[in-house]
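In what follows, chains carry the letters A, B, and so on, assigned in the order in which the sequence lines appear, proteins first and then strands, with residues in each chain numbered from 1.
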Amino acid sequence: MSVRKPEWKDRDKMTVLNRPQPRVDGPLKATGRAVYTHDVRLPRMVYARLVLHSYSRAVVESVDLQPALDTTGVVAAGRLKEAGEALIYLGDDSAYAWVAATSPEAARDGARALRAKFADKAQSLVTREASLSSGAPEIIEGSRRIEGNVSGERSRGELDEVREAIAAAPTQITATYELPIQHHLCLETHGHVVDYDGNQATIYASTQMVSDSVGEYASLLGLSADRVRVVCEVMGGGFGSKFGAGLEGRVACEIAKELKRPVHLMLDRHQEFQMAGNRSGTVATLSGGVDASGRLLAMTAEVDRLGGVGGGSFPSPPYIYSAEQSATTMRSVHTAMDGNRAMRAPGHPQASFAMESMMEELAAAGGFDSVEIRKRNLEDKVWHRHLDRVAAAIGWESHPNRTGPGREATDGWAEGIGFGCATWRAGGRPGAGAEVRILPDGSVISACGVQDLGTGARTYVAGIVAEELGLPLGAVTPRIGDSDLPPGVASGGSVTTGSVAPAILDAAYNARVAFEERLAESTDIAVGDFTFEGSRVRGPEGSGFDLGFAEAASLLGTRPVIASGSFKSELAASGVLHGAQAARVRVDTFTGRVEVVKMVAIHDQGLILNRLALTSQINGGLTKALSYGLLEQRVVDEDNGWFLNANMESYKAVGMQEIPEIEVILDDEDDRPVTGMAEAPVIPGHSAIANAIFNACGARVRTMPFTPDRVLEALAARG
Amino acid sequence: MTRPPGDALPERDGPHEGPTDASPTTASSGITRRLFLGGAGAAAASTTLSQPSAAQPVKARLKVRTLSGTARVKLRINGSERELEVEPRTTLLSALRHHLARPLTGTKEVCDRGNCGACTVMIDGKPQYSCLTLAVRLEGREITTVEGLGSPEDMSAVQQAFCDKDALMCGFCTPGFVVASEACLSKYPDADLETIREQLSGNICRCGTQPHILKAVEAARDTRRGEESR
């Protein structure tokens, strides 16, 4: 039976894909042999570091490099700001110098030796209130002036009309929800090793876009793109923050041009907090009214996005839910701090918290079941199925308080359940390419320049080819993370799998056809009549052709099969992605401490390439959401403009003691082809936790994170 | 090690064990409670605490050693002697990653402040943050890094379990977790889930491998005990 075009096999016939597969790079990572950008060591390499100021707004009076240059081990130093220049915001704009030395210790010595003098600008402007106060100076002046520190104001809908509709509704809620600035906290900081010899360059980058970044590094080095290679075989986390060279890449290239020695420039942890981006904070006032059936008749939202000098993110309410009428007004309020960057589902976790909290408050106010009110306002039945699944898994049916909060027991402990929904877009986009080689000894290479952030891309780059050629996973060697290979796509928007997997399949199919053509030359079996299965290549019954894969490959003589492939949209999913999550928490009403007991998630995701890696992706979303909901926040000193917790001691992130029981339900009912699973699972977990806290004891915490003090305040505010 | 002239050294230049490892009230530690509390001071305590197995009480000595410039040290890393020249302030983490002739970069630098566990190594089999350990103090000690626990072709039970249970994603926290897990199971061969959580609570992961790490360590425990993994 001949196959005329690349297509995914039936799922139940798959032997490599749709199975739990340990990652092919597991052994390298578990034994410390995987080489990250931070680990690259080259002869004559220098260690460079940026020198950052710690105050939010300042003016440079002088930068004296000589003490740095006189420091033992320092090879070079440079200014990034000249006398009279302003440091406008606490971020990459705080960098005023760099030092390069023969060791990291010497580089730090040089940085400390630098003599820089600053005059402070009057006001630090690191809070929304400060930026909006009357008489507040403008953070960005001149040609890119931001008037009143507010920008991007957009209104939609008829505010007065909608407000009237809310007022007339049987059940109404108005509340203000606040979220802090969150940090990506990539364990490997941002940075590069730039190896430039004056003629060509190899850039080792901790990046989410290997192929797409060649042009930028080429232009920074003054080279044509054909002389630039970007390499990132493994990287220690990006979460949306690692697109582009950044200031650290620009400076590394400048130093490389000057010294013509390899330059290792990585941010340290404090710098990573200060200048490597963040998830924007939010102040959102929502107002909504439901009818007697729980249907959302009308809602308004007034949203301030807090993205530092950036615009911030927030998708328009009612977000996943639908309302008969809605009106929103949204704007960016700027502070003199590092601009927000994309962070895993930008804006969505923020919108989720506001919407899911409001829905829960409406449910409690009107006496509606938490699951039923959500279904009432979600047309798409996939969410209904998802909510039912997580409700069953969390034990909703037997839970005592389903239409309003409970109360704590006499020992002070209360237990509750909360829900949240997720959405994203399925599919990929054109641009990815791949090459598959079948070598005469039977070994196989699958190559694509795409990066693997820890998602498992490397494994499916091999796995898709193995599946197509009837081989085990270990029989295909993947090559990724190199701009010399066929192009990958930038890993943003969860498009990587949906873009790259189709290209790999296309190349695998083309390689198989090309192999068959070569075999057909020396047999009388037609192309399309070969079967690749169980590491063997067989002709039709009666043909007598039945060889092991390697033996069949040996018929290639000395000429390998080389085939390429590219993205085919019919091989990727499209449409909407859905998901639902539930959390069960215990609240100690004496101390305000919240313990997450269990989290459950279901997300549709089309064809599952690796059930183990997919589960890990969803685990990652849940643990991040727990961390966001209970622990993480940036803390600033309002007067001095200092970033107080720019370290991993005081910026709290989830640890082993907080990990709950987690149940991930893989949704095999979604029969679409491949799509990514990166952003959807990180969206609603913290909302489910907030709702669970409320469900447990009536404490409505409207400001994240839900620290004990806030839980106690909310308990005190109970009616 | 190079010694500045005229400095008398304490009897043995060993690393500070830490108060929990050498109780000042234990006779075998060589210090009596009276000596410890009787005005000998912190310097004396640290001198004597570094010799927990001394048979007799050691006379308190208020001595300060000064090291400057670089020092040539021989470190025993993963069973091999490695010679290097480092400043006294060089952490073991930096020594491994930057100052060895053939650097060992498996141990990761993430916070450099003892907040995250990515730099975890073993010193004489005990887990320790290498970013908070000075290289010059480790002569005579057995240093084990993640590379020393196994190779890709020959992984330890813990490393194999991390692969099998998908307890790694970006992999940057993995070396620290692997070392901490090995240390946990060496100390507690029958560790239950609570113990595993506690012993790994000094390690941070950002990608979300924690649930699978717990499964991996349980599986490795069972493998090491010779039972069939559940």
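Of the listed residues A:Glu272, A:Glu649, A:Glu105, the one with more heavy-atom pairs under 4.5 angstrom with chain B than any other is A:Glu105. Residue with the most contacts toward chain B among A:Cys186, A:Pro20, A:Ala613, A:Pro104: A:Pro104 (heavy-atom pairs, distance under 4.5 Å). The choice from B:Glu153, B:Met169, B:Glu198, B:Gln210 that makes the most heavy-atom pairs within less than 4.5 Å of chain A is B:Met169. Chain A forms more heavy-atom pairs under 4.5 Å with one residue of B:Ser151, B:Ser156, B:Pro175 than with any other, namely B:Ser151. In terms of heavy-atom pairs under 4.5 angstrom with chain B, the leader among A:Thr623, A:Val40, A:Thr72 is A:Thr623. Your options are A:Ser616, A:Gly32, A:Pro22, and the one with the most heavy-atom pairs under 4.5 Å with chain B is A:Ser616.
The two residues A:Phe239 and B:Cys207 come nearest to each other via the heavy atoms CZ-SG, 3.9 Å. Shown here for A:Leu187 and B:Cys205, the closest heavy-atom pair between the two residues is CD1-CA, 4.5 Å. Taking all atoms of both residues into account, the shortest heavy-atom contact from A:Val654 to B:Ile204 is O-CD1, 4.2 Å. Minimum interatomic distance between B:Lys108 and A:Ala34 (heavy atoms only, all atoms of both residues): NZ-O, 3.7 Å. In terms of heavy atoms, A:Lys29 sits closest to B:Cys170 at CE-O, 3.4 Å. Considering every non-hydrogen atom in both A:Gly26 and B:Cys163, the closest pair reads C-SG, 3.3 Å.
Only the side chain of A:Arg33 comes within contact range of chain B, with heavy atoms under 4.5 Å apart. Looking at B:Leu149, there are no atoms closer than 4.5 Å to chain A (heavy atoms on both sides), in backbone or side chain. For a residue to count as touching a neighbouring chain, one of its non-hydrogen atoms must lie under 4.5 Å from one of that chain's; by this rule A:Ser627 touches chain B with the side chain only. For chain B, the nearby parts of A:Met648 are the backbone and the side chain; heavy atoms of each come within less than 4.5 Å.
Residues B:Thr105 and A:Arg41 have side chains in contact (heavy-atom distance under 4.5 Å, counting atoms from C-beta outward).
B:Arg97 places a side-chain N or O within donor-acceptor distance of the main-chain N or O of A:His38, the cut-off being under 3.5 Å.
The local environment of CZ in B:Arg113 is sparse, with at most 12 non-hydrogen atoms from other residues, nucleotides or ligands closer than 6.0 Å.
With 3.5 Å as the limit, one finds no donor-acceptor pair spanning the side chains of B:Arg206 and A:His184. There is no side-chain donor-acceptor pair under 3.5 Å between A:Ser103 and B:His98. For the 3.5 Å distance criterion, the side chains of B:Glu147 and A:Thr31 fail to qualify, holding no donor opposite an acceptor.
Note that CD of B:Glu109 and CZ of A:Arg269 are 9.5 Å apart. Values are rounded to the nearest 0.5 Å. Here the CD-CG distance, from A:Glu661 to B:Leu214, works out to 12.0 Å after rounding to the nearest 0.5 Å. In this structure, CD1 on B:Ile213 lies 5.0 Å from CE on A:Met656, to the nearest 0.5 angstrom. Taken from OG in B:Ser201 to CD in A:Glu658, the straight-line distance is 9.0 Å, to the nearest 0.5 Å. Rounded to the nearest 0.5 Å, atoms CG (B:Asp166) and OG1 (A:Thr459) are 8.0 Å apart. Note that CG of B:Asp164 is 9.0 Å distant from CG of A:Leu612, once rounded to the nearest 0.5 Å.
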Run the side-chain contact (heavy atoms from CB on, under 4.5 Å) check on B:His212 and A:Thr615 step by step: do they pass?
-> CA-CA 9 Å; B:His212 285 172; A:Thr615 304; 3.9 Å; yes
Worked check of salt bridge (Lys or Arg N to Asp or Glu O under 4.0 Å) between A:Asp109 and B:Arg89 | CA-CA 12 Å; A:Asp109 287 345; B:Arg89 61 159 169 180; 2.5 Å; yes
